Engineer: 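Attaching a single structure in structure tokens format; questions to follow.
This is a predicted model, so every value here is computed, not measured.
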Amino acid sequence: QAQLTESGGGLVLPGGSLRLSCTWTELSFTMYGVGWFRQAPGKDREFVAAIDWASLKTIYGDSTEGRFTISRDNIQYEAYLQMNDLEPKDTATYYCAMDAAGRLSTLAGEYNFWGQGTQVTISS
């Protein structure tokens, strides 16, 4: 089992930045992948970014690549999502997720554990 907790959400003006954090407890399994997803009201959950265990590979969703950066610190049991040049369309609840199999996946169904989410609102 794993418990994930997101933080760092809030209200930001268009063009602004936010840094989301995801923390987890020490785990009994290793080599796990970490991903970020988001879900806006009335919409499906959307892939944002993912990073592999060793931080050697990252992938991004089409709408976030170039503006968002995912990273992780395995010693601190944390992952981060740096979001720049935010737009109103980025408004959503953002979720951190963990894949115990260590895959670098864009598919929500391949992630075993999820946080409760943190709200990000971009508005003037």
Engineer: List the atom pairs, with distances to 0.1 Å, where a side-chain N or O of residues 13-23 and a protein N or O form a donor-acceptor pair under 3.5 Å, not counting sequence neighbours.
Structural biologist:
from	atom 1	to	atom 2	distance (Å)
S17	OG	N84	OD1	3.0

Engineer: To the nearest 0.5 Å, what is the distance between CD1 on I51 and CG on D99?
Structural biologist: 13.5 Å
Engineer: If you measure from OG1 on T64 to CZ on R38, what distance do you get to the nearest 0.5 Å?
Structural biologist: 6.5 Å
Engineer: Looking at D90 and I122, would you say the former's side chain and the latter's main chain have a donor-acceptor pair under 3.5 Å?
Structural biologist: no
Engineer: Please tell me if the side chains of L4 and W114 come closer than 4.5 Å, counting only heavy atoms from C-beta onward.
Structural biologist: no
Engineer: Who passes side-chain contact (heavy atoms from CB on, under 4.5 Å) against I75, sequence neighbours left out?
Structural biologist: D73
Engineer: Nearest 0.5 Å, please: how far is SG in C96 from CZ in F37?
Structural biologist: 10.0 Å
Engineer: In Å, rounded to the nearest 0.5 Å, how long is the span from CG of L11 to OG1 of T121?
Structural biologist: 6.0 Å
Engineer: What closest approach, in Å, do W53 and N74 show between heavy atoms, and which atom pair accounts for it?
Structural biologist: O-ND2, 2.9 Å
Engineer: Here's one to test your reading of the geometry: is the NZ or CZ of R72 within 45 degrees of the ring axis of Y80 and under 6.0 Å from its centre?
Structural biologist: no
Engineer: With a 4.5 Å heavy-atom cut-off, do M83 and Y94 have their side chains touching?
Structural biologist: yes
Engineer: Minimum heavy-atom separation for A100 to F113, with atom names?
Structural biologist: CB-CE1, 4.4 Å
Engineer: What pairs with A49 under side-chain contact (heavy atoms from CB on, under 4.5 Å), at least two apart in sequence or on another chain?
Structural biologist: Y60, I70, L81
Engineer: Please report the interatomic distance CD(Q3) to CD(Q116), rounded to the nearest 0.5 Å.
Structural biologist: 9.5 Å
Engineer: Indicate the atoms forming the closest heavy-atom contact of V34 with A79, along with that distance.
Structural biologist: CG1-CB, 3.8 Å
Engineer: Just checking, any donor-acceptor pair under 3.5 angstrom between side chains of E110 and S105?
Structural biologist: yes
Engineer: Mind checking the CE-CG spacing from M98 to N112? Nearest 0.5 Å is all I need.
Structural biologist: 9.5 Å
Engineer: How far apart are the C-alpha atoms of F68 and W36, what are their side-chain angles, what is the distance that settles it, and do they pass the ring-ring contact (aromatic ring centres under 6.0 Å, His included) test?
Structural biologist: CA-CA 11 Å; F68 292 10; W36 286 93; 9.9 Å; no
Engineer: Taking C-beta and beyond as the side chain, do R45 and Y95 meet within less than 4.5 Å on heavy atoms?
Structural biologist: yes
Engineer: If you measure only the distance, is there a donor-acceptor pair under 3.5 Å linking the side chains of S63 and E46?
Structural biologist: yes
